[in-house]
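Some notes on the structure that comes next.
Hydrogens, waters and symmetry mates play no part in the numbers below; they use all other heavy atoms, side chains included. All values derive from a computational prediction rather than experimental measurement. Labels below follow one simple rule: chain letters A, B, ... track the order of the sequence lines, proteins then strands, and each chain is numbered from 1.
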Amino acid sequence: MNYFERTKIDDIVYDNIADYQDVLVMGWVRTMRVTKNIAFIELNDGSTVHNLQIVVLNPDEFPLDKINNGASIKVRGYLEKVEGREQSIEMKAEEIEVVGEAPTDYVLQKKRHTFEFLREIAHLRPRTSTLGVVNRFRSKMSYAVHKFFQERNFHYIHAPIITTGDAEGAGEMFRVTTFDPADPPRRDSGKIDFSRDFFGQETGLTVSGQLQAELLACALGDVYTFGPTFRAENSNTSRHASEFWMIEPEMAFCDLDEMNVLIEDFIKYLFQFALEEAEEEMKFFNDRIDEDRIEVLKSIIESDFAHVSYTEAIDILKESEEDFEFPVEWGEDLQSEHERYLTEQHFKRPVMVTDYPKKIKAFYMRVNEDDKTVRAVDCLVPEVGEIIGGSQREERLEVLERRMQEENMDLEKYDWFLDIRRYGTVPHSGFGLGFERILMYLSGMGNIRDIIPFPRTPGNAMF
RNA sequence: UCCCCGAUAGCUCAGCUGGUAGAGCGAGUGGCUGUUAACCACUUUGUCGCAGGUUCGAGUCCUGCUCGGGGAGCCA
C-alpha cells in the first residue's frame, strides 16, 4: 500500500525502483555543489542514512539561490543508474520546488560536529547522519524486543507509570503531586498531609515495573514490560539517564536455570537481529563509531556464556593477583573492575554470575538452602560489565515475610504482593534490561545521552 | 555526591616566563562542463563562560560560581 505521493529514498537506493522511472522525492538538503553548467544536490528524507544525489543539468532554470543546507525541497524527475563513485543511482531533476528555506545561519552546516555540541541542539540533531541512524536503529531494535517475546508467546503488559512504592531500593523516585509546592496542606504536626493529595497518598514515577509484572505473570504465565522508567538519582555518568526505557520479562513456573537459558537466547537474538535486520545501521556504526563492533557482536553470538556462582567468582578474583582498586571479599558486591576482569580477562566471553549474598540483594529474591545466598543472576559482558540483572523470586510466603521483616519493611503496604504467595503461589523468575544500555553496546555509542532522542539527566530536561 | 580535566570566532582548536587574539572548517562573493569531505581566488568572524582579586597591564596568575567532558559510587 502506498499512502504517499512521494517516493522514499530507501526504496530508491535499495533498488526497488526501475531505471528511468519518474519519481517525486521530498526531503532536506544535506549539501550542494554548484558549477556554472551543472549542480548536485544531496537530499536526505530520513528513510535511510543514504542521500539521493539529484543532478541539475541546467542550474539557471531552477531556484538554486533559495536552496541552502537544511532547506526542504520537492523534486520531480527521473532516476538513472550510474557508475558513480558514491552512488549507483541518481536522479535527474525536471522540477524543483522549495518547500522551506534555510537561512545560512542554520547551525548544522556541512562539517563534522562533536556529540557534545549536538546535545545542545537536540531539536536539530536528528537531521545528522549519526543521530538519524541511531533513531532508526532504536526503532528497529524496539521491534526486535517485541518480536522475540511475541514469538515465544509472552504477553506485553503495561505496568503503571504512577506508583506508590520504590520496589525497595531500586532508586530514588520523582514525586507526583498536584500540591502547590509553596503551600501544601499540613497536619497539626507540620508534616505535609498527603491524604489530601490527588491520589490520597504519596505517589511517584515508577522505578521498576517488576512487582506489577509479577502479579500479571501469576495470571498470564509469561509476560514482559517495555516502558519508561524513572530514577531521581544524582548520577552523572555516560550510562545513566533519569528517564530511560526498561525491558522486564517475568515468567511463572520458571526457575533461575531456565531463565538463564532465556537470557542468553535473548541477547543473541537481539545481536543477530541487529546484524541482519539493521544491516545499514550496523555498517554505519562499524565504519564511523567503532571499527570492531560487528566482530564483537559476532563473537558473542558464537560464544557459550560462562556460568559461575558468586562464591566461585570471588575465588577466581582472589586467585587472579590482579591489582584491584577495591578489595575482593565474600559478602561485598562486585565492583565494575571485578566484573570486567571476569568477563574480559578470565572467561573472555559473557558470564552469568549467580547466587549472590542475600545481604547485598533485594528482598524479593529467593533464598537458597544455605540461607546466605539468593537466586540472583547478573549477566556480565565485555566492555561494560553488568548488562542484565534478574532473579528467581521468593514464592514461599513465610520466607518472604521473614525476609521483609529483616529489612524493616511495612508488610501491610505490600499485602497485595504477599497475596499472590497466599493464593496459588508459583515459582517465578524475571530480569531487567536497560534498553539504552543494550543499544549502546550494539552501536558502540559511548554516551547514553546520544542514544535517547531527548535525554533527561540531572540538571537537564530541555526540549 | 566524590576525584580529575576543560570553557577563546557559528563549529573544532592554538595562543610560550603576563604586554590588548590566530588557524582550519563553516558562511559570503566570484570562477569552474560530472561533483561527491568537490576545487581555486578573495572576503567575513570575538563581552576570551560569569563575578571578584593580584598587577602599570590579565585570554594567560589567584579565589568563588556556572556549564561541559572523563572516571568512581548508586544502578539499568
For [N], give the paired nucleotide (Watson-Crick: N1-N3 plus N6-O4 or O6-N4; G-U: N1-O2 and O6-N3; both under 3.5 Å), or none.
N: B:A51; result: B:U63
N: B:A14; result: none
N: B:C32; result: none
N: B:C2; result: B:G71
N: B:U20; result: none

5' precedence on RNA chain B between A:Glu325 and A:Glu386 (nearest-nucleotide basis):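 The residue whose closest nucleotide sits nearer the 5' end is A:Glu325.
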On RNA chain B, compare the nucleotides closest to A:Leu57 and A:Val107; which residue's is nearer the 5' end? A:Val107
When all nucleic acid strands are considered with a 4.0 Å heavy-atom cut-off, which category describes [X]: base, sugar-phosphate, or nothing?
X: A:Glu243; result: nothing
X: A:Asp105; result: nothing
X: A:Glu86; result: base
X: A:Ala39; result: nothing
X: A:Gly84; result: base
X: A:Ile387; result: sugar-phosphate
X: A:Val34; result: base

OP1 or OP2 of [N] under 4.0 Å from side-chain N/O of [X]:
X: A:Ser238; N: B:G71; value: yes
X: A:Ser336; N: B:G73; value: yes
X: A:Asn234; N: B:G73; value: no
X: A:Thr35; N: B:U35; value: no
X: A:Gln109; N: B:A27; value: yes
X: A:Arg33; N: B:U33; value: no
X: A:Lys36; N: B:C32; value: yes
X: A:Gln335; N: B:G73; value: yes
X: A:Asn236; N: B:G68; value: no

Expected output: side-chain [X] to main-chain [Y] donor-acceptor under 3.5 Å:
X: A:Ser72; Y: A:Val99; value: no
X: A:Glu344; Y: A:Pro382; value: no
X: A:Glu264; Y: A:Phe305; value: yes
X: A:Asn58; Y: A:Asp60; value: no

Distance check, [atom1] atoms only: [N] and [M], in whole angstrom units.
N: B:G64; M: B:G69; atom1: P; value: 22 Å
N: B:G49; M: B:A9; atom1: P; value: 8 Å
N: B:G19; M: B:C13; atom1: C1'; value: 24 Å
N: B:G59; M: B:C48; atom1: C1'; value: 5 Å
N: B:G28; M: B:G70; atom1: P; value: 33 Å
N: B:A21; M: B:U63; atom1: C1'; value: 26 Å
N: B:A41; M: B:U8; atom1: P; value: 29 Å
N: B:C61; M: B:C67; atom1: P; value: 23 Å

Any donor-acceptor pair under 3.5 Å between the side chain of [X] and the base of [N]?
X: A:His113; N: B:C11; result: no
X: A:Ser235; N: B:C74; result: yes
X: A:Glu233; N: B:G73; result: no
X: A:Glu42; N: B:U35; result: no

In terms of relative ring orientation, are A:Phe324 and A:Tyr341 parallel, tilted or perpendicular, with 30° and 60° separating the classes?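 The arrangement is perpendicular - the two ring planes meet at more than 60°.
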Have a look at A:Phe435 and tell me which of A:Phe226, A:Tyr224, A:Tyr441 forms a ring-ring contact (aromatic ring centres under 6.0 Å, His included) with it.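 Only one option passes, and that is A:Phe226.
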Roughly how many Å is it from NE2 in A:His240 to P in B:U1, rounded to a whole number? 15 Å
In terms of side-chain heavy atoms of A:Asn69, which of B:C11, B:G28, B:A27 is nearest?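 Side chain of A:Asn69 sits closest to B:A27.
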Carboxylate-amine/guanidinium proximity below 4.0 Å for A:Arg293 and A:Glu383: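 Answer for the salt bridge query: yes.
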Compute the ring centroids of A:His146 and A:Tyr156, then answer whether they are less than 6.0 Å apart.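 Centroid separation for A:His146 and A:Tyr156: below 6.0 Å.
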